[in-house]
Undergrad: 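This structure is in structure tokens; I'll ask about it shortly.
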Amino acid sequence: MMANSPVPLSQPPRAETSSQICDRLWRLYLEMLRIRVIERRIAERYGEKEMRCPVHLSIGQEAVAVGVCAHLRKQDKVMSAHRSHGHYLAKGGNIRAMLAELYGREAGCCGGRGGSMHLIDREAGFWGAVPIVGSTMPIALGLALADKRRGGDELTTAFFGEGATEEGVFTETLNLACVLRVPMLFICENNGFSVYTPLSLRRAPDFEFGSYVRSHGSLYFSGHGNDVEEVFALTGQALSAMRQDPGRPCVVEFSTWRYYEHCGPGQDDHLGYREAEQIKHWAERCPLAVARTRLLALSPALDPEMTAAEKRYIREIDAVIENVRSSPMPDAATLQRGVFAP
Amino acid sequence: MMANSPVPLSQPPRAETSSQICDRLWRLYLEMLRIRVIERRIAERYGEKEMRCPVHLSIGQEAVAVGVCAHLRKQDKVMSAHRSHGHYLAKGGNIRAMLAELYGREAGCCGGRGGSMHLIDREAGFWGAVPIVGSTMPIALGLALADKRRGGDELTTAFFGEGATEEGVFTETLNLACVLRVPMLFICENNGFSVYTPLSLRRAPDFEFGSYVRSHGSLYFSGHGNDVEEVFALTGQALSAMRQDPGRPCVVEFSTWRYYEHCGPGQDDHLGYREAEQIKHWAERCPLAVARTRLLALSPALDPEMTAAEKRYIREIDAVIENVRSSPMPDAATLQRGVFAP
Amino acid sequence: MSDKSPTRELTFAEAIREGTALCLARDPRAFVIGLGVPDPKGIFGTTAELAAEFGADRALDVPLSENALTGLVIGAALGGMRPILTHQRVDFALLSLEQIVNQAAKWYYMFDGRGGTIPIVIRMIIGRGWGQGPQHAQSLSSWFAHIPGLKVVAPASPADAKGLLVASVEDDNPVIFLEHRWLHNMRGPVPEGYHRTPLGECLVARSGSDVTVVASSHMVIEALRAADFASAHAGVEMEVVDVRCLNPLDFETIANSVKKTRGLVVADDDTRQCGFAAEIVARVGEAGLKLNAPPVRVTYPDCASPSSSALAAVYYPAAPDLFLAAARIVGRGASLVDKFPKRPCPVDVPYLEFPGPF
Amino acid sequence: MSDKSPTRELTFAEAIREGTALCLARDPRAFVIGLGVPDPKGIFGTTAELAAEFGADRALDVPLSENALTGLVIGAALGGMRPILTHQRVDFALLSLEQIVNQAAKWYYMFDGRGGTIPIVIRMIIGRGWGQGPQHAQSLSSWFAHIPGLKVVAPASPADAKGLLVASVEDDNPVIFLEHRWLHNMRGPVPEGYHRTPLGECLVARSGSDVTVVASSHMVIEALRAADFASAHAGVEMEVVDVRCLNPLDFETIANSVKKTRGLVVADDDTRQCGFAAEIVARVGEAGLKLNAPPVRVTYPDCASPSSSALAAVYYPAAPDLFLAAARIVGRGASLVDKFPKRPCPVDVPYLEFPGPF
Ligand SMILES: Cc1ncc(C[n+]2csc(CCOP(=O)(O)OP(=O)(O)O)c2C)c(N)n1
Ligand SMILES: Cc1ncc(C[n+]2csc(CCOP(=O)(O)OP(=O)(O)O)c2C)c(N)n1
Ligand SMILES: [Mg+2]
Ligand SMILES: [Mg+2]
């Protein structure tokens, strides 16, 4: 079985790399690679029509998930939305439960009830994803409030797309966080699109997300989301700013790009809703390629290890898929189980 | 009958005052006085239990209504919320239809169906008030959009309290206005309270309303709402800024204070939810007193005219009330009329 | 449950306040949150002095943000708290239905139990009074009862207000707690101490042999008035079933009553089409229960609630209408409706001293 | 109305697109607005190329702001426009219910006509498909039908999709236009030209003498399949009444059918409690219509819609269930249900080539 949890950064530096930087980047890279391999496999096998639910792949956006989650401990909490595979995996979510969910199996993290848009693994600190845009933001705030009241030191993080910030619930949630002084982390993945709709149809040319956020009394940072080292560093900065100013929430915005269609297993740049120049710009900034180039510059010897790791991940995901495919579907008799909690 | 429309500023200066400034202030003062007298009368007679609906008096906030509406033409459109008497009257709403509505009569502006929280007089350009906080903001935007598409030059204004800006619908509406380039005027009356709840429980200490608004790409102005000349001047500035930058909405925030309880005919400072110092501060800044003092300094001879005007307004409102009280209640047989438009 | 002084009387509002205070005292995870919770009027007295007694962080005021606030209490509940959220009017809760319906109601089911439970109580004030008008006097009880995963409670007496509130706070599911504004000042005996009324049980509030009236919330009061009159003047014995909990629904009690009386009136403080009354009539029909006459729904007409007292008088059905429906079903006494005692106060207030303006 | 080529076939989605284009061409005040309206997929083809044909300001894309957007179209309608607002799922419209219920539905009534009319059409996609799961497969038709002032339309055929859409745009009231996702790719004859189907009229989609099935939207398709089988194999003649418009409801057509058949099955693509099916059963009961057997509701069970195809198979009732209900009422043929032809495709798609993923 594959590792279910991201490699924690508190581990001692690996022997085979000399510098800590290289070591960290190597581990971040591996985690991104693992997620990429898994999602690619999902895309490849989707056409078999055995995963019978919508899938929103995060291929291209792995660096945000991995760079942010690298700072989180198991007990820290994460919530997400429709595009949550990467967050779930980076937070250490159980891969078999995820795949089983996509395959509609009993062993799925929701027993097959949710499909890809409803991932959950509370043991790994992944407290749930739902596909109504924006809706987990206040729920995550409530989780953070409960921890604060309990005197716990857990950090709660909500991942969402830039589209979610257009919903009124974003300002309401951020304001509540500021007023109630709940130090929660909001991670906005700005990939420029809400389905097919570009930002230019959703925000005025002079819209200023940073001052929007700060006007509430929240901290705000922004950076490149396809550079996992920058994501890692910026998240670290955000967390230390939060520690220095306790009770303040923080929003971090990362620019990024999805390489696949909004929903489904394919690519759709032929539809023409994204400009060729943009497409090219981002194609050159694949988060895995960026990290790989840098790693190889630091340590050329990693090249074969990369190939080996990829092969290993492929083997692992294929094994999971085969295991899941032979696992039972939910028992029809359980259909009405749990409408009410006992 | 009393005048139903605000004294238009395009009228030639009155003979009895020398300066234009004085003349304008006099007319603004008279309009505030008229509104004050009407609402005071409502408060005084509310205990008779013949006005059987909630009333949210705007006593203390007249300067905003009057100073803003003095810029508006009849065809310009206004919408408001629960505390709308002042806006309705300043826009020229029919006083008899308003009182009849409060008295639940057939002649009410809603035929008695709405009560005080549902004023309307489209002929006067008052397109409706409803008591769900924030809900007329996007409706007003839709009106403005329709005018824009028709190529009309009408201006649409939404009045609302600062509490309404906490609802998600405010940012959604403002963003839509900016994205669709609809030049609409948002007037925020910041009286510091949402019912009994002070701003300090609703916004972080470093909340910045101005940058919140501007971050959307909107214009923003703010000023003292109890000084009718400042309200008039600032609104003028706002309108010329809008003319210079076509397609941009504008939010103007006025600080003000309500002298009466949130809802009902009484004063409730004995309840202790507002600080004595604040109460004193604002008591000294009654918009009528401010204007009166200034007027008398400009033209002491106005003193008896003020007294005479007040008496006249009292007579007029009393006549309206007596007229309304003897008017018929709605016919019970009409209960289900107009569930659907024909 | 303790029942030391069953004759002690409280108002419905005081009973809610007492139940809430007991929950706050017993369970440190419980807190009350909502617009106006700690304010001088304390939501018609139901939250009065809770902040003073339990601290400001157990009785919280908030910005105007119904939607996010609902998400916040859902999350807090997932995190182990037991929030009680208040809305001063159900009409305002319309802004939060996405969270209530998509998230709170489904969470436990859709994550197959692994998402955790959402023990929240959402108090909503429904109903009329003093010309509130079209946007401050709705019920929408059938909306909530339509959603799987929501428990829906609507007490009619001070005792049940307390007992059902306590049970709602203890329940691990989201509970919609509907309070008709006309009930807050009604007095009645309320058991002292930590008293719980189980969710999901109808109460036969008055037994009778001739016709069954199914009612909830304030309509129970009207039904009992109708039953008193019917018994005293028409020799018609109306059995009044107080639904108390619209979901889960104790249909057995209703069915047993209908089997006995073979007559059915459903009284519902809501507009008619697709209202809760339709569900009761449908279930009785589906169950094949024999009726001596067609069932009757007594509801608001299908239009919004008007403000003017002249229109309110014809909009809201009351005891005489229930009596008339019952008498017609039984086939005697209908003409006596003219003898029904006049209301001692105007039609738009529950009693003469009703303070208004809300 | 022109009917040049009644045999010309279009898909349901194409029919909506055609109806919309005709409205845009005929009335310069009409425009379409909503997330994805001008995008390459054009809301399952229903808005395809409208922006190219009529200009970007007649087919608008928007930010994610369902609530304000609804207010915006209400205001635009007051200002003389005739907006068609689209939601890709009814579930998203939950964010806008305050505007729909408090404002759009009540405006004309609560201002006693002086507020003006709100001619808006709100298209909402309902229903399942490809494992959408708990938050993307609701119906909520009874919610809308419960609100006075909303017209609620749910076509079942391409012809009605076009005709009812045109009539909805022409109507001066807010119209909730419900499109079941499984219908979009179904083909059927569609009249050419500016064709209008009046709101508020049920259609007897198939006549029969033994039992009435009342259905709307996709359930009509299932009912017709059931009726074909019942007639061919069990000698049971099911009359299928397609509701088409849930409010205002043409109960007369339903009552006439029930009077004839003395049997009632109500098929509803929604959960059961307080659903629209309850309203039909209640009305039939209240009207005192004689039935040979108790009425039956065929609905979803009272739980959220699960994603897995194994659960979908038991969650969604289909033609065999309707046949079984009808056969039991009539008292013959029930055992033939085992002979019901198997679906030619998996249970979670309407037909084998259903593209998914939405
Ligand atoms: C409230 C709501 N409205 C609309 C949708 C349909 N929808 C699903 S994902 C999505 C795009 C959201 O964009 P963004 O938040 O930027 O996330 P991304 O898909 O780009 O990762 C939309 C509009 C939804 N799920 N919920
Ligand atoms: C959506 C909604 N939530 C709550 C209320 C109850 N309510 C009525 S007025 C009001 C205060 C609003 O404050 P503000 O907007 O500042 O206006 P003000 O009363 O100060 O003029 C509240 C909370 C409401 N009417 N609508
Ligand atoms: Mg995006
Ligand atoms: Mg205020």
Side-chain angles (χ1 to χ4, degrees), chain C residues 66-67 91-95 97-103 105-106 109-110 133-135 138 140-149 246-247 249 264 266 270-289 291 293-297 300-304 306-307, chain D residues 66-67 91-95 97-103 105-106 109-110 133-135 138 140-149 246-247 249 264 266 270-289 291 293-297 300-304 306-307:
Chain C
E66 287 82 0
N67 189 19
D91 316 67
F92 312 156
L94 286 173
L95 290 165
L97 286 174
E98 193 287 307
Q99 287 287 341
I100 295 175
V101 170
N102 285 335
Q103 313 307 338
K106 301 193 204 305
Y109 177 85
M110 77 186 169
Q135 299 185 347
Q138 292 172 81
L140 297 178
S141 57
S142 70
W143 274 32
F144 299 112
H146 180 55
I147 303 300
L246 283 64
N247 193 18
L249 177 64
L264 175 64
V266 189
D270 197 359
T271 52
R272 190 185 202 77
Q273 179 152 307
C274 297
F276 182 71
E279 177 66 25
I280 300 293
V281 173
R283 288 218 200 185
V284 166
E286 276 185 326
L289 302 184
L291 296 173
V296 174
R297 288 183 279 178
Y300 303 167
D302 279 316
C303 63
S307 174
Chain D
E66 287 81 357
N67 189 19
D91 317 68
F92 313 155
L94 285 172
L95 290 165
L97 286 174
E98 193 287 306
Q99 287 287 342
I100 295 175
V101 171
N102 286 334
Q103 314 306 340
K106 300 192 205 305
Y109 177 85
M110 76 188 170
Q135 299 184 348
Q138 292 173 80
L140 296 178
S141 57
S142 70
W143 275 31
F144 299 111
H146 180 54
I147 303 300
L246 284 64
N247 195 18
L249 177 63
L264 176 64
V266 189
D270 197 359
T271 54
R272 189 184 202 78
Q273 180 152 308
C274 297
F276 182 72
E279 177 65 25
I280 300 294
V281 174
R283 289 218 198 183
V284 167
E286 276 184 325
L289 303 184
L291 296 172
V296 174
R297 286 184 280 178
Y300 303 166
D302 279 317
C303 62
S307 174

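Per chain, numbering begins at 1; letters A, B, ... match sequence-line order. Model, not experiment: these values are computed from the prediction.
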Undergrad: Taking every heavy-atom pair that is under 4.5 Å apart, which of D/Met110, D/Glu286, D/Glu98 has the most such pairs with chain C?
TA: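 Top option by heavy-atom pairs under 4.5 Å: D/Glu286.
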Undergrad: What part of D/Val101 is in contact with chain C, defined as an atom under 4.5 angstrom from a non-hydrogen atom: side chain, backbone, both or neither?
TA: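 Side chain only.
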Undergrad: In terms of heavy-atom pairs under 4.5 Å, which option from C/Thr271, C/Val281, C/Leu289, C/Leu97 contacts chain D the most?
TA: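 Most pairs with chain D among the choices: C/Thr271.
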Undergrad: Have C/Asp270 and D/His146 got a donor and an acceptor in their side chains that come within less than 3.5 Å?
TA: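 Yes.
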Undergrad: If you compare all heavy atoms of C/Pro148 against all heavy atoms of D/Asp302, which two are closest, and at what distance to 0.1 Å?
TA: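 The pair with the smallest heavy-atom distance is CB-O, 3.3 Å.
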Undergrad: Are the side chains of D/Leu95 and C/Asn67 in touch, meaning some heavy atoms are under 4.5 Å apart?
TA: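 When only atoms from C-beta onward are counted, C/Asn67 and D/Leu95 do touch, with a gap below 4.5 Å.
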Undergrad: To the nearest 0.5 Å, how far apart are SG in C/Cys274 and CZ in D/Phe144?
TA: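 Going from SG on C/Cys274 over to CZ on D/Phe144, the span is 12.0 Å.
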Undergrad: Based on non-hydrogen pairs under 4.5 Å, which of C/Arg297, C/Gln103, C/Arg283, C/Glu66 is most in contact with chain D?
TA: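 If we count pairs closer than 4.5 Å to chain D, C/Arg297 comes out on top.
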Undergrad: Taking every non-hydrogen pair under 4.5 Å, which of D/Arg272, D/Gln135, D/Gln99 racks up the most with chain C?
TA: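 Maximum pair count with chain C is reached by D/Gln135.
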Undergrad: So how far is it from C/Gln273 CD to D/Asn247 CG, rounded to the nearest 0.5 Å?
TA: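 Here the interatomic distance stands at 4.5 Å.
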Undergrad: Where does D/Ile147 contact chain C at under 4.5 Å (heavy atoms): side chain, backbone, both or neither?
TA: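 Just the side chain, heavy atoms under 4.5 Å.
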Undergrad: Which answer fits D/Tyr109, side chain, backbone, both or neither, if we ask what part of it has an atom under 4.5 Å from a heavy atom of chain C?
TA: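 The side chain, not the backbone.
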Undergrad: Considering all heavy atoms of both residues, which atom of C/Gly285 and which atom of D/Pro295 are nearest to each other, and what is their separation?
TA: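 Between these two residues, the closest heavy atoms are O-CD, 3.5 Å.
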Undergrad: If the condition is side chain to side chain donor-acceptor pair (under 3.5 Å), which residues does D/Gln138 pass it with, not counting sequence neighbours?
TA: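 In terms of side chain to side chain donor-acceptor pair (under 3.5 Å), with neighbours along the sequence ignored, D/Gln138 is linked to C/Asn102, C/Lys106, D/Asp91.
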Undergrad: C/Gly275, C/Gly288, C/Ala304: which one forms the most heavy-atom pairs within less than 4.5 Å of chain D?
TA: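 Top option by heavy-atom pairs under 4.5 Å: C/Ala304.
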